[in-house]
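Quick notes on the structure that follows.
Numbered from 1 within each chain, the chains take letters A, B, ... in sequence-line order. Quantities reported herein were computed from a predicted structural model and do not represent experimental measurements.
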Amino acid sequence: MAIKIIDKNGNIEEIDQYNDKIEVFRHTAAHVLAQAVKRLYKDVKIAIGPSIEGGFYYDFDNLEITNEDLEKIEDEMKKIIKENLKIEAFILPREKAKELMKDEPYKLQLIEDLSEESEISFFKQGDYVDMCVGPHALYTKAVGKVKLFSVTGAYWKGSEKNKMLTRIYGTAYKTSEELEAEILRREDAKKRDHNKLGRELELFTTVDVIGQGLPLLMPKGATVVQTLQRFVEDEERRRGYLLTKTPFMAKSDLYKLSGHWDHYKEGMFILGDEEVDKEIFALRPMTCPFQFMVYKAKMHSYRELPFRYNETSTLFRNESSGEMHGLTRVRQFTLSEGHLVVRADQVEAEFKAVLDLIKYFEKCLGLGNEFTYRFSKWDPNNTEKYINKPEAWEATQKQMKSILDSIGLDYVEADGEAAFYGPKLDIQGKNVYGKEDTIITVQLDFALAERLDMTYIDANGEKVRPVIIHRSSIGSYERTLAMLIEKYAGAFPLWLAPVQVKILPIADAQIDYAKEVEQKLIMAGFKVEVDTSVEKLGYKIRQAQLEKVPYMVVLGQKDLEANVVSVRARDEGKDLGQMSADALVAMLESQVKEQLKK
RNA sequence: GCUUUCAUAGCUCAGUAGGUAGAGCAUUUGCAUGGUAAGCAAAAGGUCACCAGUUCGAUUCUGGUUGAAAGCCCCA
């Protein structure tokens with residue numbers, strides 16, 4: 001059955017499928033929400049209410065409610081939908097529009113932002129009129145089933161300088177089955193949330209008296225990070241990287257040289273008081289200037305370049321208090337951070353090699369499909385935030401774009417997301433709730449070599465400025481761990497699992513044998529635990545499953561006598577039967593090898 | 001930093017309309033148990049996040065601090 005929608009000029013279109021224009025119905029749902037709020041609360045001012053991925057929201061001023069009130073508003077929305085109000089579109093000239101919206105200060109501001117000659121469109125449903133470009137459903141019944149999720153604050157026009165409004169989030173679907181499925185999906189996402197699951201699996205914890213944004217990796221979490229770190233450092237060495245270990249802090253002089261003092265001071269932990277102390281220090285928020293000093297410690301010939309420095313680098317950033325979240329937004333984190341000092345003619349090849357390394361890590365972690373690419377450019381109007389050299393920005397961005405295009409990378413462009421010294425390729429990951437974070441970044445830097453007076457001697461004996469590529473290969477270990485927890489719902493692939501094999505002796509008589517098998521697996525490099533409790537086997541298996549251990553080894557009298565082990569795999573709950581301990585080691589080794597295949 | 005909500009045992013939560021608190025799971029002990037998804041019993045465990053105020057008395061009311069959740073603004 002066709003559903004009708006109406007645009008701002010009053011044209012009516014018939015569509016077959018609700019889902020083809022789902023954003024239209026959700027946008028209309030936002031209007032229904034505003035209408036419901038207006039009916040229930042006097043003196044509320046409306047701001048804007050668009051459809052967004054997965055739903056819609058509407059912003060209000062002068063509305064003080066809590067989550068408990070949402071049910072009441074939802075009921076009013078259902079009533080409006082049931083009333084099946086007809087939606088009418090009309091257009092007014094600017095002055096008339098202002099007259100109509102005289103009691104809606106936010107709408108008036110929006111009118112002010114529009115050009116003088118523009119005509120302004122309105123949509124009306126019953127007693128409610130909203131200024132809006134549409135289109136909308138022709139009748140409120142077409143909105144379908146609605147659900148409100150939360151009430152939060154949001155700045156007017158997205159600027160912290162403006163007033164904070166009250167935002168209500170919700171969603172709409174054609175049928176209640178689809179709506180129920182979405183609610184279930186959201187509940188399921190909660191179960192994978194690294195901030196919950198990571199604590200349950202004893203990967204990390206936080207402590208009030210230690211502070212916000214300072215998670216503690218517990219033995220299991222630390223083991224996963226250690227596995228990752230060894231893997232990254234070994235692979236980088238194979239690819240010609242040179243390891244550095246540089247200080248976690250420096251005098252302010254260093255950051256003044258690099259420009260971080262001017263551009264990033266707010267984000268740094270500063271030790272000492274500029275007014276009082278002769279010398280003040282700051283914990284490092286990036287490794288760049290430290291590794292540059294390693295380069296500068298001696299003269300370099302053009303023949304030596306490129307230099308590829310990497311460091312498993314602990315960084316400190318003084319994030320504002322409302323930002324901290326689990327392992328994804330913290331004040332201290334460890335980044336696989338590297339800087340390549342290259343000649344201009346090497347930029348392209350080195351940039352591509354960095355991407356190749358990143359792709360390899362993505363593959364081994366199984367995160368390839370989770371990522372999207374963002375080409376982050378500067379904002380020429382924001383000279384506060386960026387080094388103000390328009391020609392250099394244009395040239396560097398052009399070069400980066402051509403490299404990205406030449407390897408056929410699928411990316412989106414974003415203005416105003418660059419580093420202060422150059423454009424970035426950001427590799428973005430999404431958490432279980434759809435929120436995006438930068439996981440890995442590669443940056444082309446035209447500025448810092450000059451600021452820090454870095455040079456090499458070219459074939460003519462002249463001093464020349466190198467180009468610098470800033471790069472991470474796996475991102476911050478904390479944030480990557482969070483991605484992995486959510487991707488695998490805690491059931492890590494064998495090579496990453498903090499406990500790879502759990503040995504379950506059936507009775508005390510097999511404990512010595514269990515220790516023997518454990519020793520064999522440990523010597524082969526595997527992470528093993530023996531369950532020495534006196535519980536029944538079924539109970540032990542249940543525990544191992546809750547811990548999401550990849551392999552369980554059951555040892556009973558029969559196994560001991562035959563000198564074999566009975567193996568169960570976590571995945572698909574497969575029973576692999578009896579095998580010798582050596583065969584088990586061989587099986588595990590080949591599986592790890594397969595998982596890390598180039 | 002801002003808006004809203006919140007903080008009771010290791011975890012999940014109940015409770016006290018102001019008189020210092022309870023359950024399930026986990027832990028410990030005893031008993032039971034050689035074989036595939038939670039055996040039975042007992043014990044232990046809490047300055048009810050912290051600091052003030054009101055009160056004869058505060059875990060409960062008020063204010064502040066710290067920490068947590070969702071979102072905004074920022075950001076790897």
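No hydrogens or angles considered: a donor-acceptor pair under 3.5 Å links the side chains of A:E337 and A:T287. Side-chain contact check for A:S472 and A:S336: no donor-acceptor pair (N or O, by modelled atom type) lies under 3.5 Å. A:E311 and A:T246 share a donor-acceptor pair across their side chains, judged by distance under 3.5 Å alone.
Regarding contacts with the backbone of B:A26, a side-chain N or O of A:Y539 is found under 4.0 angstrom from either OP1 or OP2. Within the structure, every side-chain polar atom (N or O) of A:S320 is placed at least 4.0 Å from both OP1 and OP2 of B:C74. Close to B:C72, at under 4.0 Å from its OP1 or OP2, lies a side-chain N or O of A:Y169. Close to B:C75, at under 4.0 Å from its OP1 or OP2, lies a side-chain N or O of A:K385. The side chain of A:Q545 places no N or O atom within less than 4.0 Å of a non-bridging phosphate oxygen (OP1 or OP2) of B:A37. Here A:Q543 does not reach the OP1 or OP2 of B:A38: none of its side-chain N or O atoms lies under 4.0 Å away.
Map A:T328 and A:S566 each onto its nearest nucleotide of RNA chain B; the residue landing nearer the 5' end is A:S566. The residue among A:T152 and A:K536 whose nearest nucleotide of RNA chain B is located toward the 5' end is A:K536.
Out of B:C72, B:C75, B:A68, the shortest distance to the side chain of A:N195 is found at B:A68. For A:R329, counting side-chain heavy atoms from C-beta on, the closest listed nucleotide (B:C74, B:A38, B:U36) is B:C74. Checking B:C72, B:A70, B:U36 against every side-chain atom of A:H325, the shortest atom distance belongs to B:A70. Listed nucleotides: B:G35, B:C75, B:A32. Nearest to the side chain of A:R479: B:C75. The side chain of A:D193 has B:A70 as its nearest neighbour among B:C74, B:G67, B:A70.
Judged by a 6.0 Å distance limit and a 45° cone about the ring axis, A:R167 is positioned over the six-membered ring of A:Y57.
Pairing partner, B:C40: B:G30, with both Watson-Crick or wobble hydrogen-bond distances short of 3.5 Å. Within the shown strands, B:U12 is the pairing partner of B:A23 under the Watson-Crick or G-U definition, both distances less than 3.5 Å. With both pairing distances under 3.5 Å, B:C72 is matched to B:G1 as a Watson-Crick or G-U wobble pair. In this structure, B:U62 forms a base pair with B:A52, meeting either the Watson-Crick or the G-U wobble geometry with both donor-acceptor distances under 3.5 Å.
Using a 4.0 Å heavy-atom criterion, one finds that A:K157 contacts no nucleic acid atom at all. At a threshold of 4.0 angstrom between heavy atoms, the contacts of A:N318 with the nucleic acid are absent. Among the heavy atoms of the strands, none lies under 4.0 Å from A:V207. If you check every strand for non-hydrogen atoms under 4.0 Å, A:G322 touches a base. Within the 4.0 angstrom heavy-atom criterion, no nucleotide atom of any strand lies near A:K540. When heavy atoms are screened at a 4.0 angstrom cut-off, A:L335 is found touching no nucleic acid atom at all. Counting any heavy atom pair closer than 4.0 Å across all strands shown, A:G267 reaches no nucleic acid atom. Residue A:Q212 is in sugar-phosphate contact alone, with no base atom involved, counting any heavy-atom pair closer than 4.0 Å across all strands shown. Residue contacts for A:Q510: at a heavy-atom cut-off of 4.0 Å it reaches a base atom on one of the strands shown.
Side-chain N/O atoms of A:R167 and base N/O atoms of B:U3 include no donor-acceptor pair closer than 3.5 Å. A donor-acceptor contact under 3.5 angstrom links the side-chain atoms of A:Y155 to the base of B:G1. A donor-acceptor contact under 3.5 Å is not formed by the side chain of A:E200 with the base of B:C11.
For the pair A:D379 (side chain) and A:G416 (backbone), a donor-acceptor distance under 3.5 Å is absent.
Each of A:F446, A:Y421, A:W393 was compared with A:Y386 under the ring pair (Phe, Tyr, Trp, His ring centres under 6.0 Å) criterion, and only A:W393 meets it.
When the P atom is used for both B:G67 and B:G30, the distance is 43 Å, rounded to whole Å. Nucleotides B:A42 and B:G64 place their P atoms 47 Å apart, quoted to the nearest Å.
Aromatic rings of A:Y58 and A:F60 (six-membered ring for Trp) have centroids within the 6.0 Å cut-off, being under it.
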